[in-house]
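The next block holds one structure in the form of C-alpha cells; read it before the comments.
If you're wondering where the values come from, they're calculated on a predicted model, not measured in any experiment. In the text below, chain A, chain B and the rest are named by the order of the sequence lines, each starting its count at 1.
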2 protein chains.
Amino acid sequence: MRLDTGGAKKRITIHDVAAAAGVSISTASKALNNTGRMGDETRERVKRVASEIGFRPNALARGLLSKRSFTIGLLTNDTYGRFTLPVMAGVSEALVDHGVSVFLCAIEDDPALGQVHVEAMLDKQVDGIIASGKRLDRRLPVDLSNLPVPVVYAFTEGAPDSVTFRSDDAHGATLAVEWLQSMGRRRVVHVTGPKEFFSVRERADAFRSVAGESAEVLCGIWSEGWGHDAVDQLWKRDGEKPDALFCGNDQIARGAVDALRERGIRVPEDVSVIGFDNWEIVAAQTRPPLTTVDMELKELGRQAGLTVLALAEGRPVEPGVRKLPCRLVVRQSCGGNSPKL
Amino acid sequence: MRLDTGGAKKRITIHDVAAAAGVSISTASKALNNTGRMGDETRERVKRVASEIGFRPNALARGLLSKRSFTIGLLTNDTYGRFTLPVMAGVSEALVDHGVSVFLCAIEDDPALGQVHVEAMLDKQVDGIIASGKRLDRRLPVDLSNLPVPVVYAFTEGAPDSVTFRSDDAHGATLAVEWLQSMGRRRVVHVTGPKEFFSVRERADAFRSVAGESAEVLCGIWSEGWGHDAVDQLWKRDGEKPDALFCGNDQIARGAVDALRERGIRVPEDVSVIGFDNWEIVAAQTRPPLTTVDMELKELGRQAGLTVLALAEGRPVEPGVRKLPCRLVVRQSCGGNSPKL
DNA sequence: GTCAACTGAAAAAACCTTTTCTCAAAAAAT
DNA sequence: ATTTTTTGAGAAAAGGTTTTTTCAGTTGAC
C-alpha cells in the first residue's frame with residue numbers, strides 16, 4: 001500500500017469565495033479585510049460564505065504584495081543546551097498571537113552552516129531575525145550586520161548599536177546573597193565557573209559588593225565535580241568554615257551539597273547552599289531540593305520576539321542592552337520558606 | 001537615537017538582473033534555472049551578472065507559482081524536555097541541504113494553541129508537517145488527519161496508516177542486558193519507570209527475554225529518588241543481591257549509583273549499573289560516568305525530515321512504524337572498555 | 001530558390017492577494 | 001428637474017517568479 005501524500009485536494013482561493021458569494025474578487029477581499037466600502041449585507045454574506053467553504057488566505061501571495069511574510073528566523077548555536085529552549089518557547093509564544101511563525105535554525109558552531117541558514121531565511125523574506133546562543137559573552141559565528149531585516153540578540157553578545165536582551169546576573173547574584181543573609185548567614189563563599197565567562201565576573205562583583213569586598217570567590221568549571229572539590233578544599237583548611245555557599249550554577253551546587261552530606265554536614269541546618277539557573281532537572285532532584293536563581297529566559301524570549309516584531313513593523317526601538325531581572329526560587333537548600341518581599 | 005530598522009534597502013529582483021544583462025526577464029529566469037534554450041554565452045553572462053549584483057530569488061513568489069514553499073512545520077509539545085531537542089536538530093540538519101526551512105511550533109499541551117499553529121502553518125503553505133513529542137505512546141493534542149499536506153510522526157504516537165519514527169526500545173534493552181552479561185553479570189535487575197509507559201513495558205519484555213523470564217523488574221517513577229529507593233529496597237531484603245542494575249533512564253541510574261556508594265558497594269567492581277537515554281549532563285557527570293543506551297534521536301529526526309520531504313515531492317513512502325536501532329555508549333559504570341562487535 | 005526545421009530570445013499567462021481606480025446607480029441638494 | 005454627492009461594487013494593476021507560447025532569424029534539405 002502506498003501512502004496518500006495528501007497533496008491532491010486543491011486549496012480554495014478567494015476566487016472560490018467570490019464565486020460562491022456572487023461578488024467580484026476585489027469585493028471579496030475588501031469584505032474579508034474590513035476595508036473598502038460596501039453594504040453590510042454584502043460584507044456579512046461574503047464572510048459567512050468564506051468561513052463556510054473554509055477559505056484561508058494564502059500567506060505567500062499576501063506576503064508577496066505586502067512585503068511582510070509574518071515570519072521571523074531564530075538562529076541558535078545551542079542545540080543541546082538548556083538556555084535556548086526556554087528562549088525559543090518564549091519567542092514562539094509571544095509571536096503566535098500576532099500570526100508570526102518562527103523559523104528554527106540550528107547552526108551548531110559552523111559559520112558556513114550559519115551563512116546558509118541566514119541566506120535561506122532572507123530568501124524566504126523573514127521580517128526579522130533573533131540571534132540566540134548559549135553564552136552571553138560570545139558571538140554567533142555569523143555576520144548579521146548589514147542585513148536587509150532587523151536583528152535582535154537574546155542571550156548572546158550583540159553587535160554595537162543593536163538591541164540585546166540578557167539576564168541581569170548582577171541582580172541575580174544580589175538576590176541570592178541577600179536571601180542567604182536574611183537566613184542569618186554571614187560567612188558566604190561564592191563557588192563559580194571559569195573567570196573567562198563575563199557572567200562569572202559580573203556575578204562575582206555583585207557578590208562582593210553585597211557580601212563584603214573580602215568575601216571569597218572560588219573559580220573552577222561548570223561541573224558537579226568542581227562543586228564537590230570546592231567543598232573539600234574549603235573544609236580541609238584551618239580556621240572558620242563558611243556557613244553558606246553561593247554556587248555559580250545548579251550543578252556546582254549539587255556537587256557541593258553531595259560533598260557536604262558526605263562530610264556529615266547538614267544542609268540547610270549547618271550550611272545553606274544556593275544555586276543558579278533553576279534547571280529543574282538538577283535543582284528539584286537534589287536532596288534537599290535547591291533554592292536557586294531563575295534567569296527568566298522565557299520572558300527574555302518573549303520580549304525579544306515582541307521587539308523584533310516592533311522593528312519589523314517600523315516602530316522605533318531604542319538600541320542597547322536590556323538586562324532582565326532574575327527571580328529567586330525558594331526550595332529547601334537554604335532554609336526559609338518564601339522570599340522576603 | 002533611533003534604531004535603523006534596516007528595511008530601507010530594496011531587494012534586487014530578476015528584473016534588475018535582466019536589465020543589467022540586457023536580456024528579457026524570461027531569459028534571465030531560464031538562464032538561472034538551467035532550463036530553456038539559449039546560447040551558452042548568454043547563460044553564462046546572466047549568471048555572472050546575477051551573482052555580481054547579488055541576486056537572490058524571492059522564495060515567496062517562487063512558492064506561489066510552484067506550490068512548494070520549501071518549508072515544513074515541526075510541531076512539538078516537549079518544550080523543555082530533552083527528547084525533542086535532538087530530533088529538531090536532526091530535522092533541521094537534514095533539510096537545510098535541500099533548501100527547506102523548519103517552522104518551530106511549541107504547543108505545550110494546549111489543543112487550541114496547536115490548532116492555531118497548524119492553521120498558521122497551512123496558511124504559510126508548508127510542504128509538510130512533522131509531529132514530535134515527549135512520549136512514544138501519547139498523541140499530540142491536535143487533529144492532524146485530513147490535512148492538505150503530508151504528516152510524519154517522530155517520537156510520538158502517530159495516526160493509523162501514517163509514517164511514524166520511533167526508537168527501538170526492545171533493541172536498546174537487549175543491547176544493555178547483553179552488555180551486562182558480557183561483563184559476566186548474571187543477576188540483573190531492571191529498575192524502571194511507570195508501567196503506564198509503553199516503552200517501559202516494551203523494554204521490560206525485552207529485558208526478560210534476554211535475562212530470563214524470572215528476572216526481576218521494579219517499576220517506579222523517572223527520578224533519581226526512585227533509583228535510590230530501589231537500591232535500598234533490593235539490598236534490605238534477605239538472600240542473594242543483584243550483581244547488575246539495568247535502569248530505565250540515566251536519572252534512575254544515577255540515583256542507584258549514589259545509593260550503592262552510600263552503602264559502600266563499589267561500581268562497577270561489585271555491581272554494574274547501566275542507564276538509558278544517554279543524557280550527557282546526567283550520564284557523564286555521574287561518578288563513575290554511566291554506560292548507557294542512546295536512542296539516536298538526531299538520526300530519528302533526520303530520517304523524519306527526509307521522509308516528509310519525500311512525501312511532499314510525491315515520492316511514494318510505505319506507511320508504518322519504523323523502529324530505529326539504539327546504540328550502546330560505554331563509559332565506566334559497567335566495567336569493560338568497548339562494546340563487543 | 002523554396003520550404004521545413006531549428007535556434008535564440010522575447011512576450012504573455014499564471015500563481016493569489018491587496019489596493020487603487022473607475023463607474024454606474026441611487027440619494028441628496030439646488 | 002438638473003446637478004452634485006454618496007454609495008456599492010467591479011476592473012485593473014501590482015508584487016516576483018516560472019512556464020508556455022510566440023516569433024523572427026538561420027540553417028539545412030530538396
Side-chain angles (χ1 to χ4, degrees), chain A residues 7 9-47 49-50 53-71 99 120 122-127 148, chain B residues 7 9-47 49-50 53-71 99 120 122-127 148:
Chain A
K9 326 173 187 57
K10 84 174 214 294
R11 292 191 56 106
I12 39 194
T13 74
I14 200 168
H15 281 86
D16 305 317
V17 178
V23 296
S24 72
I25 296 171
S26 36
T27 302
S29 172
K30 284 184 294 190
L32 294 171
N33 292 299
N34 283 325
T35 61
R37 277 187 327 226
M38 77 190 57
D40 286 349
E41 194 275 331
T42 311
R43 199 181 290 277
E44 283 313 312
R45 178 162 42 91
V46 172
K47 282 183 174 175
V49 168
I53 66 178
F55 168 72
R56 309 229 75 210
N58 183 326
L60 263 46
R62 180 180 264 171
L64 189 55
L65 204 51
S66 67
K67 292 169 176 319
R68 283 284 315 276
S69 63
F70 288 91
T71 281
L122 258 26
D123 290 351
K124 286 175 179 123
Q125 311 290 117
V126 291
D127 297 333
Chain B
K9 326 175 187 57
K10 87 172 214 295
R11 292 189 55 106
I12 40 192
T13 76
I14 200 167
H15 282 84
D16 305 317
V17 177
V23 296
S24 73
I25 296 170
S26 38
T27 302
S29 172
K30 285 183 295 189
L32 295 171
N33 293 299
N34 282 326
T35 62
R37 277 186 331 228
M38 76 189 56
D40 288 348
E41 192 276 331
T42 311
R43 200 181 289 278
E44 284 311 313
R45 177 162 43 91
V46 172
K47 283 183 174 175
V49 168
I53 66 179
F55 167 72
R56 310 228 77 209
N58 182 327
L60 263 45
R62 178 182 266 169
L64 188 57
L65 202 52
S66 66
K67 294 172 174 314
R68 282 286 314 278
S69 63
F70 288 91
T71 280
L122 257 26
D123 289 352
K124 286 177 178 123
Q125 310 289 115
V126 290
D127 297 333

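- Defined by atom type and a distance below 3.5 Å, a donor-acceptor pair is present between the side-chain atoms of A:K47 and A:N34.
- Interface residues of residues 39-46 of chain A facing DNA chain D, ordered by number: A:G39, A:T42; criterion, heavy-atom separation under 4.0 Å.
- In this structure a side-chain-to-backbone donor-acceptor pair under 3.5 Å is present from A:D16 to A:T13.
- To the nearest angstrom, P of C:dT19 lies 13 Å from CG of A:L64.
- Here the C1' atom of nucleotide C:dG8 and the CD1 atom of B:I25 are 18 Å apart, to the nearest Å.
- Using a 4.5 Å heavy-atom cutoff, the side chains of B:N58 and A:L64 are in contact.
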task = Quick one: do A:T27 and A:M38 satisfy side chain to side chain contact (heavy atoms under 4.5 Å, CB included)? Show the steps, please.
result = CA-CA 8 Å; A:T27 302; A:M38 77 190 57; 3.9 Å; yes
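- Contacts with DNA chain D (heavy atom under 4.0 Å) in residues 14-23 of chain B: B:I14, B:H15, listed by number.
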request  = Decide side chain to side chain contact (heavy atoms under 4.5 Å, CB included) for B:F55 and B:V49; before the verdict, give the C-alpha distance in whole Å, the side-chain angles of both, and the deciding distance to 0.1 Å.
outcome  = CA-CA 9 Å; B:F55 167 72; B:V49 168; over 6 Å; no
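- Within the structure, every side-chain polar atom (N or O) of A:S66 is placed at least 4.0 Å from both OP1 and OP2 of C:dT18.
- Proximity of B:Q125 to A:R11: side-chain heavy atoms (C-beta onward) are separated by under 4.5 Å at one or more points.
- When DNA chain D is scanned 5' to 3' for any atom under 4.0 Å from a heavy atom of chain A, the first and last hits are D:dT7 to D:dG16.
- A:S26 pairs by the side-chain contact (heavy atoms from CB on, under 4.5 Å) definition with A:S24, not counting sequence neighbours.
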remark   = Once base and sugar-phosphate atoms are separated, protein heavy atoms under 4.0 Å mark nucleotides 20-28 of chain C, 5' to 3', with B, S and - as ---------
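- Within the 4.5 Å cutoff, the side chain of B:I12 has no heavy atoms near those of the B:V17 side chain.
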query = Given the rule in the side chain to side chain contact (heavy atoms under 4.5 Å, CB included) test, do B:S29 and B:I25 qualify, once you have shown the distances and angles that lead to the verdict?
reply = CA-CA 6 Å; B:S29 172; B:I25 296 170; 5.5 Å; no
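- Rounded to whole Å, atom C1' of C:dC16 lies 9 Å from atom CD of B:Q125.
- Listed for the B:D127 side chain is no donor-acceptor partner under 3.5 Å among the backbone atoms of B:R68.
- B:L122 has its side chain within reach of B:P148: a pair of non-hydrogen atoms, C-beta onward, lies under 4.5 Å apart.
- Between B:D123 and A:F70, the closest side-chain pair of non-hydrogen atoms is not below 4.5 Å.
- Annotation: of the two residues near DNA chain D, A:L60 and A:S24, the 5′-most nearest-nucleotide partner is A:S24.
- The bend of the helix from C:dG1-D:dC30 to C:dT30-D:dA1, defined by the angle between the axes of its first five and last five pairs, stands at 60° to the nearest 10°.
- Across all strands shown, A:T13 has heavy atoms under 4.0 Å from sugar-phosphate atoms exclusively, and none from any base.
- Regarding contacts with the backbone of C:dT17, every side-chain N or O of A:N58 stays at 4.0 angstrom or more from both OP1 and OP2.
- Rounded to an integer number of Å, the gap from B:L122 CG to C:dC16 P is 15 Å.
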